[in-house]
Structures are given as structure tokens and as C-alpha cells.
Amino acid sequence: MSKKATKAGMKKKGPSLKGKRSSHKVASREAWLAARKKLLVAEKAHTRRGDELARLRQELPWVRVEKDYVFDTDGGKASLADLFRGNSQLLIYHFMFGPDYTAGCPSCSSIADGFNGIAVHLANHDVTLGAVSRAPLAKLQAFKKRMGWSFPWASSFKSDFNADFGVGLTAEQQKSGKAMYNFRPRDVAASERVGEGNPVLTGIAAETGTAWPTYIRELPGMSAFVLEDGVVYHTYSAYARGLDGLWGMYQWLDRAPRGRNEEEGIWWRHHDKYGKQSSGGGSCCEPAEAPA
């Protein structure tokens, strides 16, 4: 989410563009084509840089996972190795859904709306895609049914998994006011103060059935693992705006005429909360710092 979105207000509906007059430059087709070709040069450079970043990610060293994590899944108790489901690679989305939540984070839900369609393709490319949250399995199953999702979703309830991978505060961390997120210190007390009396942020928390201090015990992220010779290795994790590329909605909006159009604030929600003419389906936990 952009910085403007995290600091601005949340509207009941998405920003309306109907009848909005534009002062945008209008040009001839020839002038547009010249500008488009100039932009194409920048886009190609960006694509090549993206290829290089992907290569650098894959060159990161692996770290052996020593701890024996236990998850609750639709098929019963499972180890981290079990979550691979027969593949050698595992991508986990750290979905913000804490034990006290009654619904998943709207932003995480918006990202997860894109999982069903790609999970089958990844599975046939030796990659399992799934989510893990701290809420008890029954809550995850009920929300999954409500959203119409089919991707694997495991509960790490009463496990150290979320804390160990930097996406869940322990009681001690929240009490001390200090933790780590996105590979740097996170001032928990400051995050709590930001939400005090802020109707936008308290409204976000309310979407999950919680108050702001409870909501921010969870944090978004993704982690990658590989299974080789019976050993699980952690290979990569990303947080905050490092997740932007996984947010399919943003990839399309960045190509729309008015882009993300977030000047008026956070506008998305659970996809079943839109009007009858809309479908699709946040907001984030770090308002003082946009996901980066």
C-alpha cells in the first residue's frame, strides 16, 4: 500500500471517478506514440532489473529450519515438511488473522483473492502455495468458506512459527514495546499510538472484529522454503511493500489511467462487502510507514 493510502482516510466505498473532470494532457496519436516509445525504454529497464532481482533472490543462501513446528490443517496435525504436499518448494503467505480476530485482515484478503487461480499452476511446477495464520483452524475454515477460497491454509495456533518469522508479536514484545519487522526494529508503542483516536485505523481493526492494539499483533509477509533430502530450508522472506508485487490488484491499477488513486484513502474491503455491482476484494498494519 502506498504511503498516501496508509496515512489517509478509509472511505465507505471506493473513490468515485464518475463525472470527474481531468486536466490531463491530451495529444495526437503521433505524440502519444512518441511518448509511449520513450516510456517503453524505461519499462524494459525495469523488467531487466526485475529479472536481476529474481536472480539475486535465488542466490541467497539457505538456512536449515531446526525447530519442529506443528500446524493444524484440514487433514490434521502437520509438520512444516507436510505443508509441501509432495512438492519440493513451498511459498507461505503470512496472513493476518490472529486468535482474537473474527475475520481476516482485509488487505491480506485482497491479496489472497488471487491465490485460487495460480495455486494449481504453481503446484504443477513443483511449488505449493498456501497461507498460515495464528487463528485456530475452525476460524480459518469458516472465513475461507465465506470467501470461496480453496488454497491450503494452516493454523499455527500456539506455535512459535509467526514470531520466529517476524509476523507476530509475542506478549512480551507487545509489553516491552519493541520488536523486529522487515529486518529492522519496530516501535510497537508508536504503532499503537498512531491508532489512538484514528477512525480509519480503528475501522480497519473493526473489520477483523478487534481493537487496534490487538489487530497490530499480526503482520503481513511471505516466506519461501525448499525441501531437499528430507530437510527443510528457509530461503527467502519479504514484508511490507515487498509484498506489492503479489497484490494483483495493484499490478492492474498501476496500468489504469488514474493509477492507484489513493489520495482519498484506503478504499478496498473484503470482496463480499462491496456493492452488488462490484466484486473483488484491506488495511495494513504499519500506518506510520507504508509497506516497504
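- Residue Gln173 holds its CD atom at 13.5 Å from OH of Tyr181, rounded to the nearest 0.5 Å.
- Taking the charged nitrogens against the carboxylate oxygens, Glu43 and Arg36 do have a contact shorter than 4.0 Å, which makes a salt bridge.
- Geometrically, Arg134 does not engage Phe97 in a cation-pi contact defined by less than 6.0 Å to the ring centre and at most 45° from the axis.
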Side chain to side chain contact (heavy atoms under 4.5 Å, CB included) between Phe71 and Lys77, intermediate numbers included: CA-CA 6 Å; Phe71 303 89; Lys77 297 291 183 182; over 6 Å; no
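- Using modelled atom types, one side-chain atom of Arg255 and one backbone atom of Gln251 make a donor-acceptor pair closer than 3.5 Å.
- Contact check for Ile216 versus Arg186: side-chain heavy atoms found under the 4.5 Å cut-off.
- Taking both residues in full, the closest heavy atoms of Met147 and His270 are given as CE-CB, 4.3 Å, listed atom of the first, atom of the second, then distance.
- No donor-acceptor pair under 3.5 Å is formed between the side chain of His94 and the backbone N or O of Glu218.
- Note: Trp247 and Trp252 fail the aromatic proximity criterion, with ring centroids not under 6.0 Å apart.
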Take Val194 and Leu201, measure what side chain to side chain contact (heavy atoms under 4.5 Å, CB included) needs, and give me the verdict at the end. CA-CA 8 Å; Val194 167; Leu201 302 183; 3.5 Å; yes
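- The side chain to side chain contact (heavy atoms under 4.5 Å, CB included) test with Lys44 is passed by exactly one of Leu40, Thr47, Val41: Leu40.
- Below 30°, between 30° and 60°, or above 60°: for Phe225 and His234 the angle between ring planes is between 30° and 60°, a tilted geometry.
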Could you walk me through whether Lys158 and Asp72 pass the salt bridge (Lys or Arg N to Asp or Glu O under 4.0 Å) test, one step at a time? CA-CA 10 Å; Lys158 294 185 178 180; Asp72 292 316; over 6 Å; no
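- Between Leu80 and Leu90 there is a side-chain heavy-atom pair separated by less than 4.5 Å.
- Residues Pro99 and Phe157 form a side-chain contact, since some pair of their non-hydrogen atoms from C-beta on lies under 4.5 Å apart.
- Between the CG atom in Leu129 and the CZ atom in Arg85 there is a gap of 10.5 Å [rounded to 0.5 Å].
- Rounding to the nearest 0.5 angstrom, the gap separating the CG atom in Asp272 from the CZ atom in Arg146 is 4.0 Å.
- Considering every non-hydrogen atom in both Gly104 and Thr208, the closest pair reads O-CG2, 3.7 Å.
- At least one side-chain heavy atom of Val120 sits under 4.5 Å from a side-chain heavy atom of Asn124.
- Pairs engaging residues 163-183 under the salt bridge (charged side-chain N to carboxylate O under 4.0 Å, His left out) rule: Lys67-Asp164, Lys178-Asp187 [sequence neighbours left out].
- Remark: the backbone N or O of Ser155 is not paired with any side-chain donor or acceptor of Ser133 at under 3.5 angstrom.
- Comment: Asp100 does not engage Lys139 in a salt bridge, judged by the lack of any side-chain N to carboxylate O separation of less than 4.0 angstrom.
- Using a distance-only test at 3.5 Å, with no hydrogens or angles considered, no donor-acceptor pair links the side chain of Arg258 to the main chain of Ala256.
- Taking each heavy atom of Ala179 and Val188 in turn, the nearest pair found is CB-CG2, 4.0 Å.
- Checked by atom type and distance alone, the side chain of Trp212 never pairs as donor or acceptor with a backbone atom of Gly203 at under 3.5 Å.
- Tested against Tyr239, the residues Phe183, Tyr93, Phe165 include a single ring pair (Phe, Tyr, Trp, His ring centres under 6.0 Å) partner, Phe183.
- No side-chain donor-acceptor contact under 3.5 Å links Asp160 to the backbone of Ala163.
- In this structure a side-chain-to-backbone donor-acceptor pair under 3.5 Å is missing from Lys37 to Trp32.
- Note on Val70 and Val232: separate hydrophobic clusters, where clusters join Ile, Leu, Val, Met, Phe, Trp and Tyr whose side-chain heavy atoms are under 4.5 Å apart, directly or indirectly.
- A continuous path of ILVMFWY side-chain contacts below 4.5 Å connects Tyr215 to Val200, so both sit in one hydrophobic cluster.
- Using a 4.5 Å heavy-atom cutoff, the side chains of Trp268 and Ser107 are in contact.
- Judged by distance alone, the side chains of Asp113 and Trp149 do bring a donor and an acceptor atom under 3.5 Å apart.
- With Tyr101 as the partner, the side chain to side chain contact (heavy atoms under 4.5 Å, CB included) test is satisfied by one option alone out of Glu207, Met96, Arg217: Met96.
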Begin with the C-alpha distance, continue with both residues' side-chain angles, and end with the deciding distance and a verdict on side chain to side chain contact (heavy atoms under 4.5 Å, CB included) for Thr128 and Leu91. CA-CA 6 Å; Thr128 296; Leu91 299 176; over 6 Å; no
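- Side-chain contact check for Tyr233 and Arg64: no donor-acceptor pair (N or O, by modelled atom type) lies under 3.5 Å.
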Step-by-step side chain to side chain contact (heavy atoms under 4.5 Å, CB included) determination, Phe161 to Ser223: CA-CA 11 Å; Phe161 184 77; Ser223 292; 5.8 Å; no
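- The hydrophobic clustering, which links ILVMFWY residues whose side-chain heavy atoms are closer than 4.5 Å, places Val65 and Val226 apart.
- Summarising the geometry of Leu243 relative to Ala238, their closest heavy-atom pair is CD2-O, 3.6 Å, with the distance given to 0.1 Å.
- The hydrophobic cluster containing Leu122 also contains Leu246, counting ILVMFWY residues as joined when their side-chain heavy atoms lie under 4.5 angstrom apart, directly or transitively.
- The distance from the CG atom of Asp244 to the CG atom of Asp254 is 8.0 Å, given to the nearest 0.5 Å.
- Here the closest non-hydrogen pair linking Ala154 and Thr73 is CB-CG2, 3.9 Å.
- For Ala131 against Phe151, the heavy-atom pair with the smallest separation is CB-CE1, 3.9 Å.
- Annotation: the span from Thr170 atom OG1 to Gln174 atom CD amounts to 9.0 Å, rounded to 0.5 Å.
- Taken together through direct or relayed side-chain contacts under 4.5 Å among Ile, Leu, Val, Met, Phe, Trp and Tyr, Phe115 and Phe143 form part of one hydrophobic cluster.
- Salt bridge annotation for Arg48-Glu52: absent, with no cationic side-chain nitrogen under 4.0 angstrom from a carboxylate oxygen.
- The CG atom of Asp126 sits 5.0 Å away from atom CG of Asn87, with the distance rounded to the nearest 0.5 Å.
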